[in-house]
Amino acid sequence: MKLEAIELRRIALPLVTPFRTSFGTQTERDILLVRVIGPGAEGWGECVALMSPTYSAEYVDGAQHVMQSFLLPRLFEAGEVGAHEVAEVLRPYQGHRMAKAAIEMAVLDAELRTAGRSWGTEMGALADRVASGVSVGIFDSVPELLDHVQGYVDEGYVRIKLKIEPGWDIEPVAAVRERFGDIPLQVDANTAYRLGDAKHLAKLDPFDLLLIEQPLPEEHVRAHAELRKVVRTPICLDESIVSAQSCVDAILMGAVDIVNVKWGRVGGYLEARRIADICRAHDIPVWCGGMIETGLGRAGNAALAAHPAFQLPGDISASARFYAQDIVTEPIVLEDGYVRVPTGPGLGVTLDHAFLDEVTIKSTTLRP
Ligand code: NPG
């Protein structure tokens, strides 16, 4: 499409409850939305970078800066750009995958809306609904954790993921197993351990977890291969998989049993789909991660997770898990433990413009 203008809009959304992980506690999201405008076409994307560079090197102010100073001027210069060309056009600039992903998402949304095609069609979706798991943060005490897990189980989530870190691992997992029986359960360490903790992590084996997600740091891919020799629980990589290439490398290195696919982390939904295809060819199960997206990203994630490579429930919880009100008019809801895959053109959701204006902090529009 020909890009006539791109709006960068920052919104602030409070979380319904603080979300504590080994990389910090989130109480609100400061989200950068990207709106592309072309002749008779409009599309929206969202940038999943957090306020500080704690999950990965990216952060929201940095994402906006790199977009304004480098990515968007280059995109405008390119003239006519299709969604499948965005990554190639932006390739001269290293990294900044979440920023690039948001731009590609907006262009793809505009393109699919114009063509009357759904996100699911683009992602290779075969299912019309996907199993919904919930990610549960770290708490000060086990009874507090159990209360929260009980709430999510009552809501119907089909899988529970517990955030862990040194000092908060075996005991909470044991307590959740004891109280909730054989509910599908997995843990996420967000890089909080080292290979020297292998024997300690093996103490999780008796709890029959679906997986341990990213126990070791992002660049410690080979160390995950070593860890797999000591720990029986399947090892899942999140932070380490930043592209289709790094996914292939991790598989061939024997470092991974299961892959968490996050579109923002890997530079976009199109790369996420390539990773799903690669994993399917290698018989590596995948599941869809979440980055506390608004209804835009949640809709895209539901469609991505309907691709046949996705064999485990994703972190695709209802909008209400994090937000009292979503910015789309059809918030993602839980129906018997599942989330419906949108079928309308593009992302298949409509923005609630009145609410969007209410939560907007600032907006800048750039033109070629
Ligand atoms: O359901 O959207 C969700 C959140 C799932 O735990 C979740 N995401 O490490 O996977 C993660 C974590 C995360 C959130 C990572 C925000 C980065 C940003």
Side-chain angles (χ1 to χ4, degrees), residues 1-11 31-49 63-93 96-125 244 263-264 266-274 293-304 307 327-329 341-353 356 360 363-368:
M1 69 184 285
K2 173 125 192 65
L3 296 167
E4 291 176 342
I6 298 183
E7 179 191 355
L8 298 180
R9 190 189 274 243
R10 291 284 281 274
I11 62 167
I31 302 165
L32 168 58
L33 299 179
V34 179
R35 175 190 182 201
V36 300
I37 301 155
E42 175 178 304
W44 287 81
E46 87 176 89
C47 180
V48 291
Q64 179 152 1
H65 185 268
V66 79
M67 280 185 197
Q68 286 186 221
S69 306
F70 302 101
L71 306 182
L72 299 183
R74 186 164 175 91
L75 209 60
F76 283 135
E77 244 171 62
E80 196 103 353
V81 188
H84 285 261
E85 292 155 348
V86 170
E88 195 50 41
V89 169
L90 302 181
R91 194 172 304 281
Y93 298 116
H96 295 285
R97 292 184 169 90
M98 293 174 191
K100 292 174 177 175
I103 297 170
E104 183 194 84
M105 179 183 185
V107 176
L108 184 58
D109 184 41
E111 220 169 78
L112 293 176
R113 277 181 203 272
T114 307
R117 291 182 71 225
S118 71
W119 209 260
T121 312
E122 186 68 30
M123 291 296 112
W263 65 282
V266 303
Y269 276 100
L270 299 178
E271 184 80 346
R273 192 209 159 152
R274 278 190 282 277
E293 286 94 341
T294 68
L296 295 172
R298 263 163 220 283
N301 285 346
L304 172 64
H307 178 291
I327 59 168
V328 296
T329 55
V341 178
T343 52
L347 287 164
V349 287
T350 313
L351 281 156
D352 176 343
H353 286 281
L356 196 58
T360 296
S363 155
T364 320
T365 299
L366 293 103
R367 292 176 207 281

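Keep in mind it's a predicted model, so treat the numbers as computed, not measured.
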Option among D109, V107, L108 that satisfies the side chain to side chain contact (heavy atoms under 4.5 Å, CB included) test with V36: V107
Worked check of salt bridge (Lys or Arg N to Asp or Glu O under 4.0 Å) between E42 and R35: CA-CA 7 Å; E42 175 178 304; R35 175 190 182 201; 3.1 Å; yes
Contact check, side chains of I327 and D352, non-hydrogen atoms, under 4.5 Å: no
Point-to-point distance, once rounded to the nearest 0.5 Å, from CZ of R9 to CG of L356: 4.5 Å
F70 and H65 aromatic ring geometry - parallel, tilted or perpendicular at 30°/60° bounds: perpendicular
Between CZ on residue R113 and OG on residue S118, distance to nearest 0.5 Å: 11.5 Å
Between CD on residue E46 and CD on residue E293, distance to nearest 0.5 Å: 5.5 Å
All ring pair (Phe, Tyr, Trp, His ring centres under 6.0 Å) counterparts of W44, not counting sequence neighbours: none
Heavy-atom closest pair, residues A302 and P342: CB-CD, 4.1 Å
Note, H96 side chain near L90 side chain (heavy atom, < 4.5 Å): no
Inter-residue atom distance E122.CD - L304.CG, 0.5 Å rounding: 11.5 Å
Side chain to side chain, V328 and T294, heavy atoms closer than 4.5 Å: no
Side-chain touch L72/L8, heavy atoms, less than 4.5 angstrom: yes
Heavy-atom pair with the smallest gap, counting every atom of G116 and P345: CA-CB, 4.0 Å
From L270 atom CG to H84 atom NE2, the distance as rounded to the nearest 0.5 Å: 4.5 Å
Nearest atoms (heavy-atom pairs only) where G268 meets A101: N-CB, 3.4 Å
Residues forming a salt bridge (Lys or Arg N to Asp or Glu O under 4.0 Å) with E111, sequence neighbours excluded: none
4.5 Å side-chain heavy-atom contact, K100 and V86: no
Shortest non-hydrogen separation from P368 to F76 and the atoms involved: CG-CD2, 3.5 Å
Residue of the set T364, L75, I103 for which side chain to side chain contact (heavy atoms under 4.5 Å, CB included) holds with I6: L75
Minimal non-hydrogen separation, R367 against A5, with atom names: NH1-CB, 3.4 Å
Shortest non-hydrogen contact between C47 and M98, atoms and distance: SG-O, 3.8 Å
Close side-chain approach of W263 to M105, heavy-atom, < 4.5 Å: yes
Gap separating the CD atom of E85 from the CD atom of E104, nearest 0.5 angstrom: 11.0 Å
Side-chain heavy atoms of V349 within contact of R298, under 4.5 Å: no
